[in-house]
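Structure first, then comments.
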Amino acid sequence: MIETLLHRTLAATLTLICAVTAHATAGPLTTDSTLVGRPYKQFDVMAYCSYSSFYPSQYLTDNNWDILCAFTTPGTTARLDSLGISHTRSQLRLLEVGDLLRRTNDGIYSTSMHIFDKEQTEAIREESRLFTDSIFPLISPDINKLITAFNAGGHQPQAYSLIFSYLLDSYIWSDTKLPLAKRLSNHGTWDGAYWAMYDKRGQSKIGTNGYGPVKVTWTDDLGYWPGDNLLINLARHINGSGIVVTDTVLNSTLTKWGLTDTDGNLNVPILHPGSGDEIDRLCDSITLTISDAVKNHCTSFAEKYDIESPLEAEVIFYHEVMWDILATLEANHLITRPEILKGAETGRERFSDIMYIVIQS
């Protein structure tokens with residue numbers, strides 16, 4: 001899913017679910033100086049949401065972030081004055097409309113997105129590392145089998161994207177495993193969760209862009225990008241005419257990016273979730289093991305960090321676990337990040353290494 005925004009903006013005809021990287025007050029904070037005055041860009045801000053008109057970060061105009069940090073300790077507008085934070089009534093109202101700020105009848109404001117302070121962030125990430133150490137031996141045998149299945153299908157170049165983007169960043173979000181954004185709270189113009197960690201993680205973040213059936217692994221370091229319009233046109237073609245590209249003009253461009261051959265056949269993996277094939281069975285087994293463990297863990301996690309919604313707690317905690325699982329897979333040399341994701345001069349035809357197609361069964 002920066003801010004840790006890992007998804008590019010798509011045309012209005014497509015549905016965008018962001019597995020990005022922010023949210024409601026998380027347990028007792030230490031001192032005002034922990035958060036107040038810390039620049040927004042230094043936080044690891046994340047969003048897992050769908051939206052109809054306004055994305056949650058679009059409410060953070062002017063110095064609205066300072067206001068939210070100040071009201072992690074509830075108070076009246078006198079609190080802002082005492083901290084030297086300028087404000088207007090319209091600013092406060094805008095944050096209320098975006099459901100990032102709440103106000104009681106007696107004029108007490110409180111931040112309604114979780115902003116985790118330094119101590120909380122460090123504790124959560126240590127909790128995530130320990131969780132990953134415990135779950136990894138349970139999932140690694142099936143992950144090895146899954147990688148073998150990808151390689152047997154000729155998808156070795158895409159193995160990294162398929163393990164991260166398809167398995168860890170997509171397949172696990174469902175009605176039966178970890179919650180889809182639509183199952184989380186409605187916030188007026190957006191549904192889902194929005195939260196912030198005090199510090200960014202050391203490793204570069206990656207995410208998944210979705211254009212209907214077309215999925216792409218993406219990072220800020222990506223050296224080549226064909227443009228949203230080309231991927232949207234490919235998605236429309238697949239939805240309308242099938243997986244062989246018969247539009248010669250479209251195909252001539254796709255071949256330059258290594259996505260099709262001259263006959264219009266796709267050069268990227270085509271996956272069928274729900275089909276019950278070997279890849280689907282392994283993905284189901286792995287994500288079920290992870291999601292069950294996350295759910296069990298989040299009973300105490302939600303209480304510890306004063307997260308009212310158990311589903312939201314699962315989303316927040318898994319967004320830490322996901323990076324730790326990925327780091328463990330890389331450290332154990334089970335998968336290797338493609339050079340194109342590192343910004344290397346690979347040639348645009350290597351874009352096929354980070355793209356795949358999902359056809360629902």
Side-chain angles (χ1 to χ4, degrees), residues 1-24 44-61 68 94-102 112-115 164-197 205-218 228 231-232 235-236 238-239 271 273-274 287 291 294-295 298 307-322 356-360:
M1 266 115 310
I2 61 189
E3 248 183 82
T4 330
L5 182 57
L6 299 174
H7 297 256
R8 293 171 179 262
T9 302
L10 305 185
T13 55
L14 297 177
T15 300
L16 175 62
I17 300 293
C18 301
V20 178
T21 326
H23 149 234
D44 195 0
V45 186
M46 294 169 277
Y48 176 71
C49 66
S50 60
Y51 63 99
S52 56
S53 53
F54 291 99
Y55 186 78
S57 67
Q58 290 180 287
Y59 294 99
L60 300 183
T61 58
L68 291 180
L94 179 65
L95 290 171
E96 288 184 74
V97 170
D99 204 18
L100 302 180
L101 188 67
R102 292 176 185 150
S112 56
M113 65 172 287
H114 286 288
I115 304 177
F164 172 73
S165 290
Y166 182 63
L167 179 72
L168 299 178
D169 197 28
S170 299
Y171 198 102
I172 199 166
W173 303 108
S174 71
D175 289 330
T176 58
K177 296 185 178 74
L178 296 184
L180 295 164
K182 66 182 181 181
R183 292 176 57 200
L184 300 178
S185 300
N186 175 269
H187 301 278
T189 64
W190 58 281
D191 298 315
Y194 186 55
W195 70 100
M197 294 291 178
K205 287 285 182 65
I206 62 174
T208 307
N209 287 1
Y211 304 79
V214 177
K215 312 296 179 182
V216 180
T217 306
W218 186 81
D228 292 331
L231 299 176
I232 290 170
R236 287 173 175 160
I238 292 172
N239 284 333
L271 303 167
T287 54
S291 61
V294 168
K295 289 175 185 177
C298 282
I307 303 172
E308 184 176 344
S309 165
L311 297 181
E312 191 169 9
E314 293 168 14
V315 167
I316 292 171
F317 185 61
Y318 179 69
H319 271 83
E320 295 299 325
V321 169
M322 179 170 63
Y356 58 94
I357 306 296
V358 176
I359 306 294
Q360 295 293 332

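Hydrogens, waters and symmetry mates are skipped; everything else that's a heavy atom, side chains included, is used.
A 4.5 Å side-chain heavy-atom check between Tyr356 and Thr208 finds at least one atom pair inside the cut-off.
Between atom CD1 of residue Ile359 and atom CG of residue Asn239 there is a gap of 7.5 Å, rounded to the nearest 0.5 Å. Atom CD in Gln58 sits 8.0 Å away from atom OG in Ser53 (nearest 0.5 Å). Between Ser50 atom OG and Lys182 atom NZ the span is 9.5 Å, to the nearest 0.5 Å. For the atom pair Ile307 CD1 and Cys298 SG, the distance stands at 7.5 Å (nearest 0.5 Å). Interatomic distance, CH2 of Trp173 versus CG of Leu180, reported as 9.0 Å (0.5 Å rounding). Atom-to-atom distance recorded for Glu314:CD and Arg183:CZ is 7.5 Å, nearest 0.5 angstrom.
Considering every non-hydrogen atom in both Leu100 and Leu68, the closest pair reads O-CD2, 3.4 Å. Nearest heavy atom pair, residue Pro213 against residue Ala235, reads CD-CB, 4.0 Å. Between Met322 and Leu168 the shortest heavy-atom distance is SD-O, 3.5 Å. Across all non-hydrogen atoms, the minimal contact from His319 to Val315 is ND1-O, 2.8 Å. Residues Tyr48 and Pro179 share a closest heavy-atom pair of OH-O, 2.9 Å.
The side chain to side chain contact (heavy atoms under 4.5 Å, CB included) check on Gln360 picks up Pro273, Val358, with sequence neighbours excluded. Partners of Leu94 under the side chain to side chain contact (heavy atoms under 4.5 Å, CB included) rule, at least two apart in sequence or in another chain, are Tyr59, Thr61, Asn64. With sequence neighbours excluded, the residues forming a ring-ring contact (aromatic ring centres under 6.0 Å, His included) with Phe317 are Phe131, His297, Phe301, listed by chain and number. By the side chain to side chain contact (heavy atoms under 4.5 Å, CB included) test, Asn186 pairs with Asp191, sequence neighbours left out. With sequence neighbours excluded, the residues forming a side chain to side chain contact (heavy atoms under 4.5 Å, CB included) with Ser174 are Thr176, Lys177, listed by chain and number.
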> What's the verdict on side-chain contact (heavy atoms from CB on, under 4.5 Å) for Tyr318 and Ile172, showing C-alpha distance, side-chain angles and the deciding distance?
Replying inline: CA-CA 10 Å; Tyr318 179 69; Ile172 199 166; 3.8 Å; yes

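Side-chain atoms of Thr217 and Ser165 include a donor-acceptor pair closer than 3.5 Å.
Under the 30°/60° scheme for interplanar angles, the aromatic rings of Trp190 and His187 are found to lie parallel.
Judged purely by atom type and a 3.5 angstrom limit, Tyr171 has no side-chain atom pairing as donor or acceptor with the backbone of Thr287.
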